Amino acid sequence: MTEMSYLDGNMLDGPMHELFTVDLSTAMGRCENCGMTGSMASLHVYSHAPGLVGRCPSCEAVMVRLVRGPDRAWLDMRGTTYLQVPMPMEQTFPGPL
Amino acid sequence: MGIVSPGFQGRPRTQEPALPPGQYLTEDFPVLSAGPTPRVSLDTWEFVISAENGSEHRWSWQELMALPQETPMVDIHCVTRWSKLGTTWQGVSLDTLLADVDTGAHFALAHSYGGYTTNLPLDDLRGGRAWVVHTFDGAPLPAEHGGPARMLVPHLYFWKSAKWVRGLRLKTMDEPGFWETAGYHDYGDPWREQRYQGD
């Protein structure tokens, strides 16, 4: 019997880059269901499906769904409380106006 | 040189006539899943229809098997573009399961072990067009294909045929399910190629 397997969250980088410039592999996310905070790269991503489904590695709740139509994409992150994204140090004076 | 040159063979056939637009034929049975495969014991399995007035109709595995069984042979069409023709199933018609349910609802939300949901008009579950099936090709339905039991609604894209089905919630208002809230079409008629919202 075939057990459905999943990929790690690194595979979301390419598809998500179509929407955002954020590098998801270095982002942290909080699971809305269980509260676990961890690397988005650690999500369990089910890709043998009509879209990509990223699940919390702790409780398996859906944190991310990404559907790519031929000319549109849908991103549902209601299962992710927040994304914590590394940013460059805020520019101090003299910064750009 | 043959009598008929390649220029006189008419338009090339790009797909079988039995296939809806944009689909290709497959002989195997691809496994699609949006999550881990639930393992449901037959001892605890149940199917529940909840009407909009709060009443519930409930069947155990033994009670489901005691109902009149049908053996639909149908073509199935997945929104990921594969179609499989002449599949054989065994199960119970939704006409049978809905027969004693007193409802004025127009919509149903199928829900599954593992949390999956999908919405359908209640009329599409009637008229000999929908089943709860437990047997595929003469053998118990494997878990990866939705066993112990799944919906079979072959006139709509196969995401509407919920795997590991646990019940139906009958509703006066349409409530979109798992894929329908993520861009997929609310109805999903393969012959009208209703893949995404707005198709």
Side-chain angles (χ1 to χ4, degrees), chain A residues 1-9 11-12 14-20 24 29 31-36 38 40-81 83, chain B residues 21-23 26 28-40 77-82 112-118 136 139-148 156-164 176-186 188 190 193-199:
Chain A
M1 208 179 279
T2 312
E3 181 59 62
M4 287 305 295
S5 61
Y6 51 78
L7 306 171
D8 71 53
M11 76 82 63
L12 287 173
M16 291 289 268
H17 255 93
E18 285 197 291
L19 295 177
F20 303 114
L24 260 195
C31 174
E32 174 70 12
N33 184 56
C34 75
M36 196 196 92
M40 293 299 278
S42 69
L43 296 193
H44 295 173
V45 181
Y46 291 81
S47 58
H48 295 284
L52 299 176
V53 180
R55 292 178 177 267
C56 172
S58 178
C59 74
E60 293 289 356
V62 177
M63 289 179 64
V64 181
R65 295 183 300 163
L66 179 59
V67 168
R68 178 67 158 90
D71 59 352
R72 290 168 289 169
W74 290 264
L75 175 65
D76 180 333
M77 296 193 67
R78 77 181 102 164
T80 303
T81 312
L83 270 183
Chain B
Q23 297 293 109
T26 186
D28 54 13
F29 195 170
V31 174
L32 274 73
S33 189
T37 301
R39 306 287 170 180
V40 188
H77 310 291
C78 179
V79 75
T80 60
R81 298 188 179 276
W82 58 263
S112 298
Y113 292 96
Y116 182 77
T117 56
T118 188
F136 172 72
L141 185 61
E144 69 265 26
H145 283 305
L156 301 177
Y157 280 124
F158 213 42
W159 91 75
K160 296 287 186 180
S161 295
K163 294 159 78 165
W164 313 296
F178 185 86
W179 289 119
E180 295 85 358
T181 53
Y184 279 94
H185 198 275
D186 202 53
E193 208 167 0
Q194 294 173 333
R195 299 179 192 276
Y196 301 102
Q197 288 172 19
D199 285 350

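Residue numbers start from 1 in every chain, and the chains themselves are labelled A, B, ... in the order their sequence lines are given, proteins ahead of strands. Because the structure is predicted, anything quoted here is derived from the model rather than measured.
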Please walk me through it: do B:Y116 and A:V62 pass side-chain contact (heavy atoms from CB on, under 4.5 Å)?
-> CA-CA 10 Å; B:Y116 182 77; A:V62 177; over 6 Å; no
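In this structure, chain A has heavy atoms under 4.5 Å from both the backbone and the side chain of B:F178. Contact annotation for A:R78: only side-chain heavy atoms (C-beta onward) come within less than 4.5 Å of a heavy atom of chain B. In this structure, the portions of B:S33 lying under 4.5 Å from any heavy atom of chain A include both its backbone and its side chain.
Residues of residues 43-52 of chain A lying under 4.5 angstrom from chain B, judged on non-hydrogen atoms, are A:Y46, A:H48, A:A49, A:P50, A:G51 in numerical order.
Ranking A:P70, A:A73, A:A61 against chain B, the residue ahead of the rest is A:P70, based on heavy-atom pairs under 4.5 Å.
Nearest heavy atom pair, residue B:T181 against residue A:D76, reads O-OD2, 4.3 Å. Nearest heavy-atom pair across A:R55 and B:A34 is NE-O, 2.8 Å.
A:R72 places no side-chain N or O within donor-acceptor distance of the main-chain N or O of B:Y196, the cut-off being under 3.5 Å.
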